[in-house]
Amino acid sequence: MRPALFLFALLTPLLLLAGCRQQGEWHIFEGVALGSGYHITLNGDLGPGESALVEAAIQGELASLDNDIQLLQHLLAAGWPMVLGPPGAQVPDDLLSLYRARAVDHLAHVLGEFGVEHALVELGGVQRTLGRAGRHPWRVRLPRTGLTSAPDAALRLEGAALVTRSAARRPEADAPGEARVLAVSVVAESAEAADHLARELLASPLEAAMEQPARVVVLTPRGITLHIGAGLEPLLER
């Protein structure tokens, strides 16, 4: 049983009494997991001692996922399964990115078990929001693009996740002077769903992203261009 689930079993009576956490005090939890930093901001009235319990549940869930990654690393070092890479290889970036998205969704579930309705969870660039930040949706920054002429863009998200995936560089597949996708940022209801859609869009023609809640960064012979999908337009901070 995962440590977080064990804590839930012990805390069920407390959770039933607590009910849903309305907006109140701000709480911040930070640390390192899955090879990256995490930052959780939640807005709610936690009872006496509950902040420590929430933190313990967060750390327990992340420790379980860290153990999964360490097991995969051990299998790679032993030369199995070969599909993940040659013996001694590191866990592939794609798989690590997927685990980070999964971790963010798991943390959102952990907070929900404590009745938290308003929170922002971030791990390794993957972000997911619950509810609102005060009276407004959460402000979530899109990654920088390298365009000095374009201001930093931000989204206003409520109950949604943002995932950005970069395209693997394959020089042999790039025709001279041909435009290529550098990265895709996608919004979805969960981090895993956003990660899945981002993978699909990276492997699809640019036109496929134009109706989606997505931003595509493209490198052309003339420089970097940004393409905003119709589904993302209403979420952009004006």
Side-chain angles (χ1 to χ4, degrees), residues 32-39 69 84-85 89-105 107-108 120-129 137-157 160-238:
V32 177
L34 299 176
S36 184
Y38 69 84
H39 184 100
I69 290 294
L84 291 178
Q90 297 295 311
V91 174
D93 288 343
D94 278 356
L95 187 58
L96 185 57
S97 296
L98 175 60
Y99 260 83
R100 287 171 178 167
R102 182 171 299 168
V104 167
D105 285 339
L107 293 179
L120 172 62
V121 181
E122 191 274 334
L123 170 63
V126 178
Q127 301 176 80
R128 179 169 170 178
T129 65
W138 291 93
R139 187 177 190 270
V140 177
R141 284 186 177 275
L142 283 162
R144 294 183 176 180
T145 62
L147 279 173
T148 57
S149 59
D152 291 345
L155 304 174
R156 286 292 182 174
L157 299 183
L162 172 67
V163 169
T164 297
R165 293 194 62 84
S166 299
R169 182 68 191 277
R170 298 183 178 90
E172 68 281 0
D174 295 335
E178 185 178 87
R180 65 183 181 89
V181 173
L182 296 179
V184 177
S185 298
V186 174
V187 172
E189 290 186 358
S190 70
E192 281 202 74
D195 183 83
H196 179 75
L197 180 55
R199 290 168 186 263
E200 285 188 351
L201 294 180
L202 279 175
S204 303
L206 177 61
E207 294 74 18
M210 292 300 92
E211 296 301 321
Q212 299 289 346
R215 185 191 72 175
V216 184
V217 183
V218 179
L219 178 64
T220 73
R222 296 185 177 182
I224 294 176
T225 61
L226 302 180
H227 301 265
I228 306 297
L232 197 69
E233 284 282 356
L235 303 175
L236 287 170
E237 184 179 62
R238 304 297 180 182

Contacts of type side-chain hydrogen bond (donor to acceptor under 3.5 Å, both in side chains), residue [X], not counting sequence neighbours:
X      : answer
Thr164 : Ser185
His39  : Glu30, Thr41
Arg165 : Asp94, Asp195

Stepwise, does the side-chain contact (heavy atoms from CB on, under 4.5 Å) test hold for Arg128 with Asp105?
CA-CA 8 Å; Arg128 179 169 170 178; Asp105 285 339; 2.7 Å; yes
Are the side chains of [X] and [Y] in touch, meaning some heavy atoms are under 4.5 Å apart?
X      : Y      : answer
Thr225 : Leu219 : no
Tyr38  : Val32  : no
Leu232 : Val187 : yes
Val217 : Leu226 : yes
His227 : Leu206 : yes

Partners of Ala103 by side chain to side chain contact (heavy atoms under 4.5 Å, CB included), sequence neighbours excluded?
Leu34, Leu62, Leu65, Leu123
Identify, with sequence neighbours excluded, every residue that meets side chain to side chain contact (heavy atoms under 4.5 Å, CB included) alongside Leu197.
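Once residues adjacent in sequence are excluded, the partners of Leu197 under the side chain to side chain contact (heavy atoms under 4.5 Å, CB included) criterion are Val186, Glu200, Leu201, Gln212.
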Which atom of [X] lies closest to which atom of [Y], heavy atoms considered:
X      : Y      : value
Ser36  : Arg100 : CB-NH2, 3.8 Å
Pro234 : Gly231 : CD-O, 3.7 Å
Ala167 : Val181 : CB-O, 3.2 Å
Gln127 : Val104 : C-CG1, 4.5 Å
Ala188 : Ala194 : CB-N, 3.5 Å
Ala161 : Ala191 : CB-N, 3.4 Å

So for atom NE2, which belongs to His196, do other residues, nucleotides or ligands contribute more than 12 heavy atoms lying within a distance under 6.0 Å?
no
Here the side chain to side chain donor-acceptor pair (under 3.5 Å) pairs for residues 228-238, sequence neighbours left out, are Arg139-Glu237, Arg156-Glu237, Glu233-Arg238
Run Arg215 and Leu142 through side-chain contact (heavy atoms from CB on, under 4.5 Å) and show every step you take.
CA-CA 9 Å; Arg215 185 191 72 175; Leu142 283 162; 3.7 Å; yes
